[in-house]
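Indexing begins at 1, ligand by ligand and atom by atom, following the structure's order. The basis for the numbers below is simple: all heavy atoms, side chains too, and nothing from hydrogens, waters or symmetry mates. The shown structure was predicted, so the numbers you read here are calculated from the model rather than taken from an experiment.
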Amino acid sequence: MAEGGHYDIVILGGGSGGYACALRAAEFGKRVALIEKDKVGGTCLHRGCIPTKALLHAAEVADSARESEKFGVRTSFEGIEMPSVLSYQQGVVERLWKGLQGTLAGRKVDVIYGDGRLASPTSVTVNGATYTGDHVVLASGSEPRSLPGLELDGERIISSDDALRLDRVPSSVIILGGGVIGVEFASVWRSFGAAVTIVEMAPQLLPLEDEGSAKVLQRVFRRRGIGFELGTPFQSVSYTDTGVAVTLGNGKQLEAELLLVAVGRGPVSAGLGYEENGVTVTRGFVEVNELCQTPVPTISAVGDLVAIPGIAHPQLAHVGFAEGIMVAERLGGLDPRPIDYDGVPRITYSEPEVASVGITAVQAEQRGISVVEVNYPLGGNGKSVILGTQGQAKVIAEAPSTPGGQPGRVLGVHLVGSRVGELIAEAQLIFNWDAEPDDVAALIHPHPTQSEIIGEAHLALAGKPLHFHA
Ligand SMILES: Cc1cc2nc3c(=O)[nH]c(=O)nc-3n(C[C@H](O)[C@H](O)[C@H](O)COP(=O)(O)OP(=O)(O)OC[C@H]3O[C@@H](n4cnc5c(N)ncnc54)[C@H](O)[C@@H]3O)c2cc1C
């Protein structure tokens, strides 16, 4: 292991943002030190994206087994063996973790294990050694947070980290927070047989998503037996003989074996020397500009840790990747473009999935843009009918500038239904390449696939619907 030393770039935190920066910088021939106190891969690989999606896949298999008779296949669902699910999940994580360590070693990135602290605008101390760099990139990420006065005990009042380690299926769960993490765990646990209730203060699940997508999700969740209390704040929790009792702002009381607190993630920055070295820290988040620069010329910051004034900065692994790459390219002498955060694809991997890119019609109105929209139901799509899923594809575009003219740029694509997450990759190309409905209408989509909903919605917006009828 290296014992201190000088590098071109010292990166504090080996999660999605930090390791992406390291890998790209190494491609420019930079000498990089990546400092990590736990495991490279960070939240996404060990406590986030990957383990949750493994659980969601196991949940899908459970649903398929339960519902197989619908398709004429005789099988029986006998239950979930959580230790086996966890070992499958762990197998996936370990394999990817090994691959990542190999890739970092292959690019000659020095990974230094230990608790790092920013000691000066050009150095980080770890285990008593000092690593200096021409540039330092802060990428210490985020961790689960709770509400004031609501203490997580890791047993009955748990975070997503605890939930991923749970070696049994709880009989019942209350989930505080109907954002992406809460909705994904609700979906998993319901498929595994638990009674689930989500408590969300906003009037809809997934408050950041299109209202129409949320309505479909809520309809399907209701049908799946997932309960939710919307527009209601959490008030208090107490222990019962068998679990917890939660009191809501509207006076309602709910009881369950477990309470999962999924009210968002806070930045990891306390005590790391950021403010002392001139970095602006607001509510724990490191403030950066659109190029991820702090006011200190030798310090950049990326990933869940950062806030950009005036921009709703999404805490997503692929945002961390993109920011890490952008910083590496800037330090490598290129002139990267700032990220368009509207153009970041977002997916909630529940059953059904919710996926979007761009803005909603409400956001367009707030920005003074008139729009036209088409809402293509999945009931008109062969593959979706084969899968037995319901949902919709909503596409919004700038209203035509002349009466009877073609709509302008596509401003948002909002999908809901089984497996639609994969379709958002095409939608993000459409959005980020400033395509207009007529451009997309000319492209052929393979039949029968769910991708046809993208083609059909754009055909309809361009005034030449195929199967769509309003
Ligand atoms: C349950 C869950 C599901 C998720 N699902 C998805 C998903 O499906 N898709 C998606 O895009 N995003 C998902 N996310 C979000 C995603 O995991 C994060 O956006 C991403 O991990 C952020 O990357 P990061 O590098 O900014 O931070 P992190 O991944 O948190 O990495 C920070 C790293 O810094 C290290 N570190 C911190 N302090 C120090 C220190 N002092 N010294 C040394 N090392 C330090 C930490 O150990 C950690 O490894 C999910 C998150 C959760 C919790």
Side-chain angles (χ1 to χ4, degrees), residues 10-23 33-57 89 93 97 100 111-119 124-127 131 136-145 158-165 175 177 179-188 260-274 284-286 288 292 301-307 313-325 327 344-350 353-355 421 424:
V10 175
I11 302 172
L12 182 51
S16 311
Y19 84 69
C21 186
L23 291 174
L34 183 64
I35 296 166
E36 172 53 55
K37 69 175 177 186
D38 186 12
K39 294 174 179 168
V40 290
T43 304
C44 174
L45 180 51
H46 301 281
R47 297 172 297 280
C49 328
I50 299 298
T52 49
K53 269 76 242 179
L55 288 187
L56 280 153
H57 183 63
Q89 177 205 59
V93 170
W97 182 37
L100 177 60
V111 181
I112 290 131
Y113 288 99
D115 218 327
R117 189 172 188 283
L118 187 67
V124 174
T125 50
V126 190
N127 307 326
Y131 296 84
V136 176
V137 179
L138 309 178
S140 46
S142 66
E143 60 191 0
R145 69 160 184 235
I158 64 174
S159 69
S160 60
D161 291 358
D162 306 315
L164 284 167
R165 287 190 293 258
I175 298 177
V180 179
I181 294 176
V183 163
E184 290 188 354
F185 274 105
S187 192
V188 167
L260 167 67
V261 179
V263 293
R265 293 177 61 80
V268 175
S269 60
L272 297 187
Y274 295 171
F285 289 97
V286 169
V288 292
C292 290
V302 298
D304 282 10
L305 172 70
V306 309
H313 181 260
Q315 289 183 320
L316 289 170
H318 42 288
V319 169
F321 294 150
E323 290 174 345
I325 291 167
V327 168
V344 173
R346 308 163 290 258
I347 306 175
T348 304
Y349 299 82
S350 46
E353 293 185 340
V354 178
I424 211 67

Below a 4.0 angstrom heavy-atom separation, can you tell me which part of [X], side chain or backbone, both or neither, approaches ligand 1?
X      : answer
Leu164 : neither
Tyr19  : neither
Ile181 : side chain
Val319 : neither
Thr43  : both

Pull out every atom of ligand 1 sitting under 4.0 Å from any heavy atom of [X], numbered as shown with elements.
X      : result
Asp115 : 40 (C), 41 (N), 42 (N)
Thr52  : 1 (C), 3 (C)
Tyr349 : 8 (O)

side-chain contact (heavy atoms from CB on, under 4.5 Å) for Val180 and Arg346? Distances and angles first, verdict last. CA-CA 10 Å; Val180 179; Arg346 308 163 290 258; over 6 Å; no
Any nitrogen or oxygen of [X] lying under 3.5 Å from a nitrogen or oxygen in ligand 1? Just yes or no.
X      : answer
His318 : yes
Ser16  : yes
Arg47  : no
Val302 : no

Over 12 non-hydrogen atoms of neighbours within 6.0 angstrom of NE2 in His318: yes
Taking [atom] as the point of reference, which of [options] owns the nearest heavy atom?
atom                    : options                       : value
atom 42 (N) of ligand 1 : Gly116, Gly320, Ser269, Ala20 : Gly116
atom 46 (C) of ligand 1 : Arg265, Lys53, Glu36          : Glu36
atom 32 (C) of ligand 1 : Gly13, Ala317, Gly271, Ala139 : Ala139
atom 13 (C) of ligand 1 : Ser140, Cys44, Gly14, Cys49   : Cys49

Heavy-atom side-chain proximity of Tyr349 to Leu56 below 4.5 angstrom: yes
